[in-house]
Amino acid sequence: MTLLEIKNLHLQFQSDEGLALVLDGINFDIKKGETLGLVGESGCGKSVTGLSVLRLIPTPPGEITEGEIIFEGENLLEKSAKEMQNIRGGRIAMIFQDPMVSLNPVYTIGDQIAEAIDLHQPKGITSTWDGVVEALDSVQIADPESRAHNYPHQFSGGMRQRGMIAMMLSCRPSLLIADEPTTALDVTVQAQVLQVIADLQKELGMAVILITHNLGVVAESCDRVAVMYAGTIAEIADVEKLFENPKHPYTRGLLGAIPRADRDMNDLAIIEGSVPNHVNPPKGCRFHPRCKEAMDICRIEKPTDVDLGEDHIVACHLYG
Amino acid sequence: MLIKVKNLRKEFSVGGTLFQTERETVKAVDGISFDIKSGAALGLVGESGSGKTTVAKTMLRLHEPTSGEFIFDEQSVFSLLPAELRKLRRRMQIVHQNPNASLHPRMTVMAQVSRPLKIQGIGDKSTHEKQVLDMLQRVGLNPEHARRYPHEFSGGQKQRISIARALITNPEFVALDEPTSALDVSVQAQVLQLLRRLQSELNLTYLFVSHDLGVIRYMCSEVAVMYLGNLVEYATKPKLFANPLHPYTQSLLSIVPIPDPKLRHRDRKMLKGEIPSPKNPPKGCRFHTRCPQVMEKCKSIEPKMKQIEEGHQVACHLYE
Amino acid sequence: MEKTQEQSSPQTFTSRLNSNRSFRKFIRHKPALVGLAIIILLILIAIFAPVIAPFEYDAQDFSSIRLPPSADHLFGTDKYGRDVFSRVVYGSRIALMVASLVVVIELVLGVTLGMMAGYFGGKVDTLISGFTDMVWAFPPLILALGLISAIGAGLVNVVIAIAITSWAPFSRVTRAKVLSMKEREFVEAGIAIGETNSSILARYILPNIIAPNLVLATLTIPAAILTTSALSFLGFGAQPPSPDWGAILNEGREFLRDAWWISTFPGIAILLTTLAFNFLGDGLRDVFDPKQTVQ
């Protein structure tokens, strides 16, 4: 059953340089309990997509000009500010790369979780403090009773991230948007945090949008993957299909460009150049200047989404 | 051996002001030894706080060593006088991590890349320009780029400029401090390929510092694993990746995310907790607080580096 | 050979945006523009003083003593029959000269000491920072008064006195900035290619600490002008017949009731000048020091 559906989303930013089309008509959906990886390089629009769902795009300079964001049957773009406030942290939660964005340094972790619980009053919690302790326990913070009295600065980087997850998930959201949640963490701590998210997801039955640049993390923890490039979605598929049989030249290049720790590689795939800017993006397919398989049509016409069957969608003229 | 490092130590003292005279000592690097053959690439891998970057910077005397020896082509680098050291710098260079901070913001590319030639008195003005243009071409930049300032370039291009500046004096040894960790995957692949090509073309000796085991595997012929200021394992690449001996190395290799969903259910050796503060490292083996195979003596006796077979050393009580 | 063909990458996009943004931010800062306009006007007046002023600043005319403002004497005349307008116009030269001399001495002292403290650290730092704090702890006007009573009155001594009592903030700001610059990778890269200490300081660090010191200088100029005027007013500064604004103000003091114009116009000149520098300084700070502005 579809939990969230994004249809033809266009987002633009007014910058000093001119109008930047940051999202150029993206479509995807996510089912209940599923993990969708939103992957791409810097500037591809993966983070603003997450922020758009929660209507956290600063307006101005940003503006959603077109599209729909349907969450549990309702279009979030038509919600009032007040209704959105209840949805944020209630039915949809978001965590960021830097947990200090969401943690207030002058309150204890426990107080902050308690506030979140009081605000949204989730079902099945007997008392606020029990909820706090339970939340910290669920993210494997040892000795949650006394740790709840700590301030954020008394937590290490990995614990802060888990504390934030505890706070966000204390209200049992049906969707968690995790924006590069482990990018600032060491690999041993990253593994712990990803494990915590996966365990809680199973327990709460929530869906997760995992925004990351790390294809290794995607391969390990997602059910489906959307590969973004310069404000568009290049390809969406089940994780196994995408890694085994990538169709879009960008996906193929990206997968071949990763130096792997589990095998020796003689050569890495090279995608020439770098990501274009949003103010004057290339005409036609935005990837065509870097694409080894670019054809004439790629320079003129924006490719449409092609359904290759079994939910494998690619936006590329090679398949059109 | 071009590079011999013996028992290198580097302590930083923190605190200590006019009134508060008590200083804390951080043992960032606590007695490590390794060699690098001419033309080889040694990977130094570890998590944040392991001291890997400090090793590279202390070798180049960007930090003054606390004790130990660094023999570079039979010269003892740590006992050189300032003038001698400056002269030796043409033969050993460093490429920094952050492309946005490692270039002088107010010097043109031509000025910064030719600067080492001027300082070292190599050639004269008339030859500098040609040398710089040749080097720019070697690292994949155009002659037109020479007149521009750093802010006009992308991250990948800035890193190429840093590489050009490091290589212009034709050094034998280059320390690479996480040279691609700030770059996107596709740009990282370009830069890694460039570094590999330059190494074979110019017969360079690399010390490659990274937290990314995939990058290390792609770039290096030998690998040294660091944990909290100590070397825990030191081996040739094939031996380390095929047969990791130290529980820490084993864990790292098992949990590093692999971009292949089919390997998702492999065995992972998760570690508890996070790397302890180097201000107050654990007694005995520094890894014992997180080690899944910890024994009684690990808590009090520090293990010594021991050769297990040709080209494979480990510091762990399990192998005594 | 791999080629990089990107024309405009995201990074160049944002950095170009930044340099433009600084300029735009300044242009949008209305008070700063007003301040800048007044200062430019003041500089022009000082340069063309002989052309603008209808009389010499010390030309006495005992037939026209204490005349109120009129078409002949825009700002009236003083007790020696000197044209107040001409005196105020010439006074701008003194104000600007004092301000620029003070700033130059402050900058040289403050930046040199601050750079040494920040770059070399350790004992050098402890010594310089301690000395800086000590100087800073004294109220500048009192310290200047004490100094002048030791070295004697006069405009040059005033400049020296103000400068050596007010370089401390420059030293502090410079030290803090050098401490952060020293950690920057490009400075380390400079050391790695064999730059000497003096070259690191001059080529790598100095160019990057100019902006905050410029802001500070603009903001200390009003204080310097005010202190000069105050000292002249008290009779320690410019000696007659010098047309220092503070001195004119003092001369008009006794006639405030029946010849208000003598003191009022130099007072307005002081007010406008100090305000102008303050406005400009605020604007520059907003542009160069994002920490003090809400982004």
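So you know, we letter chains A, B, ... as the sequences are listed, proteins then strands, and number each from 1.
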Q: Give the minimum heavy-atom separation between A:Glu41 and B:Val185, together with the two atoms involved.
A: OE2-N, 3.6 Å
Q. Only one of B:Lys272, B:Glu47, B:Lys269 forms a side-chain hydrogen bond (donor to acceptor under 3.5 Å, both in side chains) with A:Thr188, so which one is it?
A. B:Glu47
Q. What's the spacing between B:Leu263 CG and A:Arg263 CZ if we round to 0.5 Å?
A. 8.0 Å
Q | Heavy-atom neighbours of B:Lys27 NZ exceed 12 at 6.0 Å | A | no
Q.
For A:Glu310, is the CD atom crowded, meaning more than 12 foreign heavy atoms sit under 6.0 Å from it?
A. no
Q. Roughly how far, to the nearest 0.5 Å, is OG of B:Ser254 from CG of A:Asp262?
A. 12.5 Å
Q) Atom CD of A:Glu244 and atom NZ of B:Lys262: how far apart are they, to the nearest 0.5 Å? A) 4.0 Å
Q: Among A:Cys222, A:Gly40, A:Ala142, single out the residue with the greatest number of heavy-atom pairs under 4.5 Å to chain B.
A: A:Cys222
Q: Looking only at non-hydrogen atoms, find the nearest pair between A:Ser42 and B:Asp184 and report the distance.
A: OG-OD2, 2.5 Å
Q: Return the minimal non-hydrogen interatomic distance between A:Gly216 and B:Pro257, and the atom names on each side.
A: C-CB, 3.4 Å
Q. Can you tell which of B:Arg268, B:Met219, B:His265, B:His211 has the highest number of heavy-atom pairs within less than 4.5 Å of chain A?
A. B:Arg268
Q. Measuring heavy-atom distances to chain B, does A:Ala269 have an atom under 4.5 Å in its side chain, in its backbone, in both, or in neither?
A. backbone
**Q.** Toward chain A, the part of B:Ile216 with a non-hydrogen atom under 4.5 Å
**A.** neither
(Q) Less than 4.5 Å apart, side chain to side chain, heavy atoms only: is that true for B:Gln188 and A:Pro259? (A) yes
Q: Rounded to the nearest 0.5 Å, what's the gap from CG on B:Asp260 to CD on A:Glu240? Could you check?
A: 8.5 Å
(Q) Using a 4.5 angstrom heavy-atom cutoff, name the option from A:Val187, A:Leu185, A:Leu215 with the most pairs to chain B. (A) A:Val187
**Q.** Under 4.5 Å from a heavy atom of chain B, the part of A:Gln140 involved
**A.** neither
**Q.** Nearest heavy atoms of B:Arg264 and A:Val218, plus distance in Å
**A.** NH2-O, 4.1 Å
Q | For B:Lys237, salt bridge (Lys or Arg N to Asp or Glu O under 4.0 Å) partners two or more places apart | A | A:Asp264
Q | Contact winner vs chain A - B:Gly49, B:Ser251, B:Gly273, B:Ala242, heavy-atom pairs under 4.5 Å | A | B:Gly273
Q: Search all heavy atoms of B:Gln190 against all heavy atoms of A:Ile271 and return the closest pair with its distance.
A: NE2-O, 2.5 Å
Q) Quick one: what part of A:Val239 sits under 4.5 Å from any heavy atom of chain B, side chain, backbone, both or neither? A) both
Q) Where does B:Leu252 contact chain A at under 4.5 Å (heavy atoms): side chain, backbone, both or neither? A) side chain
(Q) Looking at A:Lys292, I'd like to know if its NZ atom is crowded, meaning that more than 12 non-hydrogen atoms belonging to other residues, nucleotides or ligands lie closer than 6.0 Å. (A) yes
Q. Do you know which of A:Leu254, A:Asp267, A:Asn214 has the most heavy-atom pairs under 4.5 Å to chain B?
A. A:Asp267
**Q.** Test item: B:Glu274 side-chain N/O and A:Ser156 main-chain N/O as donor-acceptor pair under 3.5 Å
**A.** no
Q. Counting only heavy atoms not in B:Glu310, do more than 12 sit closer than 6.0 Å to its CD atom?
A. no
Q. Considering all heavy atoms of both residues, which atom of B:Arg217 and which atom of A:Ala261 are nearest to each other, and what is their separation?
A. NH1-O, 2.7 Å
Q: Only counting residues at least two apart or in another chain, list the ones meeting side chain to side chain donor-acceptor pair (under 3.5 Å) with B:Arg266.
A: A:Glu220
